[in-house]
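Down below is the structure, laid out as structure tokens.
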Amino acid sequence: MKKSIIAGIGMYVPTNVVTNNDLLKYMDTSDEWIQERTGIKERRYAHRTEETTTTMGVEAATIAIERAGITPQDIDFIIFATLSPDYYFPGCGVLLQRAMKMKEIGALDVRNQCSGFVYALTVADQFIKTGMYKNILVVGAEKHSFGLDFSTRGRNVSVIFGDGAGAVVLQPTEEANRGILSNHLHSDGESAEILAMYNPGTHANHWMPEKYASFDQAEIGQMFFSHAMIDDAQVFPNMDGPAVFKKAVVKFPEVIMEALNANNLQTTDINLLIPHQANLRIAQFVQQKLKLSDNQVYNNIQQYGNTTAASVPIALCEAWEKGKIKEGDLVCLAAFGSGFTWASTLMRW
Ligand code: ACO
């Protein structure tokens, strides 16, 4: 069976740099608190009207396609991962297909939040292996800045997230020693509400633990959304930070070891680990637990914040552009996030 290889990679971040001190205009926080707890110094926010999740995806995709030495018309399938789509529906995949004037190819949106890119890459890998497609565009993009609670009430979430996009072109390779070796996907829906945006949605409190169901949605009737949801901050992401932290530091190492074990490899064989940029403290914990050197782990959350589905391809692209990934290197991608879902991909670059 053929293996898949990343033939081209690109990233895009908005030019607007927002420092921790800039956030003081909106909420009670401090540069010291944010850096100490998350490692973040600054993030990028997209232009409010001229940039969307899809347009940022298009920017990253344009670079990835060019670097693969092909044109948008050569792409035969699109997979777009995001939790901040331009529209509730349709997804960003079709908007990108339109914007890039691609053929009438398939376009799939993936909703796996922080693990979204690794899930999307895994799906693409299967289509390449079976021979169904030859040039798959995989995009991870987010415009978080449009949907955060910038009051002090939302500060535990809002300071973490940033905007941006990353993209790769996946192709089949005949080279025996290169390409994706394996993918590993997991989920545990038990804690779905711990890191979630509840509304607008159809749940009518059906699943909601008492502590999160702070107003009676059933009384409102069959409404998809209401003023009460806005007043109650339920249209913003909600996160129990310490609970996410606890689970993440267990599942990240687990899914990395799963990938290594599946290929009879060891942590010392890893040339570069690209962890989802959730929080620098989580990445440092994982690095220590797996006894990886500083040269074996790439972090850039300090500059971009947590860009969810975009964080892995942005970090991968930046590391590659800086010459930190060379042909034949063993690269491990690992992610954990809302759902909970977690995933890893191991590849020979
Ligand atoms: N600025 C100042 N103070 C704040 C802020 C802020 N931005 N946010 C929260 N605080 C305060 C709280 O109000 C609380 O005050 P109190 O003690 O007076 O009640 C205090 O800081 C501690 O709050 P915690 O939420 O317990 O803070 P914690 O030390 O756990 O840090 C954080 C919060 C950074 C979110 C941490 O829990 C964390 O990193 N969790 C992992 C979750 C994560 O990384 N999520 C990223 C998205 S999900 C993903 O990508 C996997």
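Indexing begins at 1, ligand by ligand and atom by atom, following the structure's order. Residue numbers run from 1 in the order of the sequence given.
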Give the intermediate values and the outcome of side chain to side chain donor-acceptor pair (under 3.5 Å) for residues Ser115 and Asn112.
-> CA-CA 5 Å; Ser115 311; Asn112 279 74; 6.0 Å; no
Please check if the side chain of Asn263 supplies one atom and the backbone of Leu260 the other of a donor-acceptor pair under 3.5 Å.
-> no
Around ligand 1, what residues show up once you keep those with a heavy atom under 4.0 Å from it?
-> Thr29, Trp33, Arg37, Thr38, Cys114, Arg155, Asn156, Val159, Ile160, Phe161, Leu195, Met239, Gly241, Pro242, Val244, Phe245, His276, Ala278, Asn279, Ile282, Asn306, Phe336, Gly337
The reported gap from CG in Leu265 to CE in Met257 (rounded to nearest 0.5 angstrom) is 10.0 Å
To the nearest 0.5 Å, atom SG of Cys114 lies from atom CZ of Phe340 at 10.0 Å
Gap between atom CG of Leu137 and atom CZ of Phe80 - 0.5 Å precision = 9.0 Å
For Phe161, what residues pass the ring pair (Phe, Tyr, Trp, His ring centres under 6.0 Å) criterion, not counting sequence neighbours?
-> His144
